[in-house]
Every structure is written in C-alpha cells, then in structure tokens.
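Encoded as structure tokens, the structure appears first; notes follow it.
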There are 2 protein chains.
Amino acid sequence: MAEKERGPRERMVFSAAQLIRRDGVAATGMRDVVAHARAPRGSLRHYFPGGKEQLVNEAVDWAGRYAAARVARFLAGMPQPSPSGLFAAMAAQWIDEYGSVGFEAGGCPVAAATVDCSRAAESTREAAAAAFARWTAPVARALADMGVPAARAEPLATLMISALEGAILIARAERDVRALTTVTRELGPLLDAAATPPPDGPTT
Amino acid sequence: MAEKERGPRERMVFSAAQLIRRDGVAATGMRDVVAHARAPRGSLRHYFPGGKEQLVNEAVDWAGRYAAARVARFLAGMPQPSPSGLFAAMAAQWIDEYGSVGFEAGGCPVAAATVDCSRAAESTREAAAAAFARWTAPVARALADMGVPAARAEPLATLMISALEGAILIARAERDVRALTTVTRELGPLLDAAATPPPDGPTT
DNA sequence: GCTTCTCTATGACAGTCGTCATACTAGAAC
DNA sequence: GTTCTAGTATGACGACTGTCATAGAGAAGC
C-alpha cells in the first residue's frame with residue numbers, strides 16, 4: 001500500500017478505507033479521516049458534497065478495485081497458476097500482514113461497510129455488493145482459465161471469497177492467523193480437483 | 001426466537017444482540033436497546049454496571065451459546081446426520097430467514113462485534129473469540145462422530161463457519177441468498193468426502 | 001413500623017458527531 | 001485589473017451519545 005504524492009481527495013478516500021476497516025464505519029469520524037490523510041478539513045465539503053455517505057461509498061469502491069487488482073497481480077506473479085495457489089496467495093496477503101504488522105490495521109473495509117450500514121444506507125449496501133462483484137469476477141475468470149468448468153467458476157469464486165472473509169473475521173477475533181491457514185489448507189484440494197476434471201469422465 | 005416472559009435483564013441482552021446484528025455495535029444506542037426490550041431505562045446501570053461494553057459482551061456471549069444450541073438442535077433433528085447435511089442446516093437457518101422475513105434483521109452479532117470493536121474494546125474481542133470457539137466445538141464434535149478423522153474435525157469446522165460467515169456477509173450486501181446456497185452446494189461434497197476415508201487407504 | 005435491598009425513574013453532564021455558513025486564498029481567463 | 005472558480009480555513013449549530021447523580025417505589029425481613 002504505497003502512497004505516492006496523490007491529491008488530497010484521493011488521500012481522503014484511501015484513509016477512509018483504512019480507518020473503516022480498522023474501526024468500522026460508525027466509529028470512523030470525518031475529522032479522523034482528514035487528520036489521517038493530512039488533508040484540509042475545509043475541502044471535505046468541496047470534494048464530497050454527499051457527506052459521509054459518499055466518502056464511505058467511494059472508500060468501499062476503492063477497496064473493491066484494489067482487491068481485484070491484487071488478484072490480477074497474484075496471477076501475474078505465478079509461473080504455474082493453480083486454484084489452490086491463487087487462494088493461498090489471497091489468504092497470504094492477510095496472513096503476512098497479521099504476522100508482520102499485527103492485527104491493529106483491521107479487516108476488510110467492504111465487510112465493515114456491509115455490517116455497519118447495509119441497513120442504514122442503501123447506497124453503501126449497493127457499493128459493497130458492487131465491490132464483491134468486482135472482486136469475484138477476476139477470480140472466476142482465472143479459475144475458468146485454469147480449467148474449471150464454466151458453470152462452476154463463479155460459484156467456486158464465491159466460495160473462496162466467502163471462506164476468506166469469514167476466516168479474516170475469526171482471525172481478528174482470535175488474534176491468530178489459524179483460521180486463515182486452516183481454510184487455505186482445507187480448501188486447496190477441493191479447488192484443484194475442480195480444475196482437473198476426473199479422467200474417467202463425468203459418469204456420476 | 002420465541003421470547004417468553006423473561007426478566008428485563010435477559011430481554012435487554014437479547015435485544016442488544018438483535019440490534020447489534022442489524023445495525024452494528026456503534027450504531028446501537030443503549031436507549032435503543034431499552035426501548036426495543038421494553039425495559040426500564042433506570043435499570044440499565046443496575047444490571048450492567050460495566051456500561052455498554054458489558055452489555056455488548058453479554059450479547060455476543062448469548063449469540064455464541066445460541067449458535068451452539070442450534071447446532072445441537074440440527075443434529076438432533078437429523079435421522080441420518082452427515083457433514084453436508086449439518087452445514088446445509090446451518091446455512092438454511094439464514095436462507096430461510098432472508099427468504100421469509102427479509103434482510104432487515106441483519107447478520108451475525110458476533111461478526112458485527114468483531115468488525116466494530118475488536119480494536120476498541122479488548123474484552124469484546126475476547127468475547128467474540130469465545131463465541132466462535134463455543135460455536136466451533138459442537139460442530140467439530142459432530143464431524144468426528146460422523147467419521148471425520150480427529151485431526152481434521154476442527155479444521156473443517158472452522159472452514160464451515162468461515163464460509164458461512166462470509167456468505168452471510170455477501171448475501172446481505174447483495175440482498176440475495178445466492179452466496180449462501182452456492183457455498184452450501186460447493187462445500188457439501190468436500191465435507192462428506194472427509195467423513196468417508198478413501199476405500200484404498202491413505203496411500204498418497 | 002422500620003429498615004434494607006432490589007429495582008426503577010428522571011434529568012443533567014460533557015463530549016462527539018455530521019453538517020453547514022461564511023470568509024479567505026490562489027490562479028487562470030480574457 | 002477584474003472576474004471567476006477551485007480549493008481552503010474556521011467556527012458554530014443541533015442532535016445525538018454514554019455516563020452518572022439523585023431520588024423514589026415496593027416488597028422482604030424481623
């Protein structure tokens with residue numbers, strides 16, 4: 001997460017995503033965001049006339065695009081891509097962060113937004129759904145490229161992201177990456193088996 | 001979730017769990033809880049001298065016990081218990097609610113508490129971890145009873161709860177039970193396969 | 001009858017939140 | 001030089017929040 005010299009607006013969205021994934025949406029104040037982004041408070045209203053809701057939505061949107069970009073990067077860095085390898089890379093992103101930086105930075109911003117305001121703010125709920133969709137698409141496409149039948153590519157991608165999100169949740173609660181490593185180990189064979197259809201054909 | 005004529009204290013814990021899973025911890029005020037529980041506001045301080053943190057912790061604790069009890073009930077109601085059947089029953093609890101009552105009631109209180117205050121309130125984080133543990137234990141025990149090797153019973157239980165929690169999250173965001181049904185369908189064979197060791201033995 | 005204890009009622013406190021109104025700066029347009 | 005506009009600064013507003021202090025009901029004990 002390298003931050004170049006981006007404009008104040010972009011920095012605020014980025015900071016909002018970071019604070020949301022750490023403390024949740026409701027506990028993240030707009031004053032906290034501008035302070036974290038070292039952005040002028042006077043610009044808040046200028047860049048986000050829609051108020052906090054707009055800022056949160058853009059942060060969720062940013063997180064969705066970021067996750068999708070990470071998937072592409074993982075695939076580009078894998079000489080022999082496999083479904084289990086992709087999932088392991090996705091999980092390793094979290095395992096590594098929790099192992100090195102610790103659990104302070106929090107979980108997934110999209111999950112936090114879903115939990116906090118899927119009922120209160122309809123637009124935020126839609127943003128979260130869009131983020132999940134934007135994240136699932138490249139995973140499903142990658143699975144299909146690895147030989148997973150087209151009909152199972154997206155369901156398996158949904159399973160991967162579900163298991164990952166849930167494991168992140170448990171890992172945060174336990175302050176232990178156990179859930180993440182466990183899910184990676186247990187789900188891998190299933191994913192790889194789907195990529196190599198049974199040699200004797202789909203008899204049953 | 002039938003509510004008998006319980007005391008005000010119990011009603012408040014129950015209402016807190018309901019409101020937390022709907023709106024999140026931060027967005028749930030103590031005044032909202034007493035109103036929802038139709039409990040006297042003056043008793044708040046009396047029953048929960050530890051303030052909001054204590055109330056939230058007890059709600060999370062209640063949710064963990066409730067989830068564990070549900071697992072036991074599912075098992076008792078299954079004539080021929082199987083891992084996939086158990087997971088399907090766990091997921092069906094959410095699919096049915098979302099299908100009948102709608103998505104308004106929200107998600108899992110433990111997940112909400114983890115997202116909202118795993119960083120702010122250490123005791124709440126511990127309560128969430130305990131709730132996950134209390135939920136995982138009966139699932140792992142049931143898997144072992146169904147023939148899953150002891151070494152894989154708990155990992156698979158963690159996988160089940162992870163996938164379920166993640167699917168709940170996605171379902172809420174999408175306002176569609178698709179993720180829940182998908183996860184049920186895709187994870188079932190893997191779970192059942194673990195309960196019946198390969199007939200030719202573990203050669204590889 | 002009096003005390004004691006549990007439970008309830010009510011109002012106020014200090015703090016924080018998101019929002020908004022107003023005014024100032026800097027630079028480009030022409 | 002004037003005008004316009006994007007961006008910044010600052011302070012205040014009302015509406016909350018959790019917490020607390022104080023006081024009252026009402027049964028139990030004896």
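Remember, predicted model here, so these are calculated numbers, not experimental data. Residue numbering restarts at 1 for every chain, and letters A, B, ... go by the order of the sequence lines.
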First encountered from the 5' end of DNA chain D, between A:Arg41 and A:Leu44: A:Leu44
Which is more 5' along DNA chain C, the nucleotide nearest A:Met30 or the one nearest B:Pro40? Just name the residue. B:Pro40
Measure the distance from CZ on A:Arg9 to C1' on D:dA6 and round it to the nearest whole Å. 14 Å
Report the distance from atom CZ of A:Phe48 to atom C1' of D:dT8, rounded to the nearest whole Å. 15 Å
Would you indicate, yes or no, if C:dC7 has its OP1 or OP2 atom less than 4.0 angstrom from a side-chain nitrogen or oxygen of B:Ser43? no
Passes salt bridge (charged side-chain N to carboxylate O under 4.0 Å, His left out), A:Arg65 versus A:Asp61? Steps please. CA-CA 6 Å; A:Arg65 294 180 197 277; A:Asp61 195 71; 2.9 Å; yes
Got a donor-acceptor pair under 3.5 Å from the side chain of A:Arg45 to the base of C:dG18? no
So ring-ring contact (aromatic ring centres under 6.0 Å, His included) across residues 74-122 of chain B, not counting sequence neighbours, yields B:Tyr98-B:Phe103
Tell me the interatomic distance from A:Lys52, atom NZ, to C:dC20, atom C1', rounded to whole angstroms. 17 Å
Can you check whether B:Ala37's main-chain N or O pairs, donor with acceptor, with B:Arg11's side chain at less than 3.5 Å? yes
For D:dA6, does either OP1 or OP2 sit under 4.0 Å from a side-chain N or O belonging to A:Tyr47? no
Within residues 109-118 of chain A, which residues have any heavy atom lying less than 4.0 Å from an atom of DNA chain C? none
Show me the donor-acceptor pairs, under 3.5 Å and distance only, between side chains in residues 105-114 of chain B and residues at least two apart or in other chains.
residue: B:Thr114; atom: OG1; partner: B:Val110; partner atom: O; Å: 2.8

Would you please say whether a donor-acceptor pair under 3.5 Å links the side chains of A:Gln93 and A:Glu97? no
Separation of C:dT10 atom C1' from B:Arg31 atom CZ, nearest Å, is 11 Å
Take the protein atom CD of A:Glu53 and the nucleotide atom P of C:dT19, then report the distance between them rounded to whole Å. 9 Å
Rounded to whole angstroms, how far apart are CZ on B:Arg38 and C1' on C:dC7? 19 Å
Closer than 4.0 angstrom, basic N to acidic O: yes or no for A:Arg22 and A:Glu104? no
To the nearest 0.5 angstrom, please state how far the CD1 atom of B:Ile95 sits from the CE atom of B:Met90. 12.0 Å
Whole-Å distance between D:dG24 P and B:His46 NE2? 18 Å
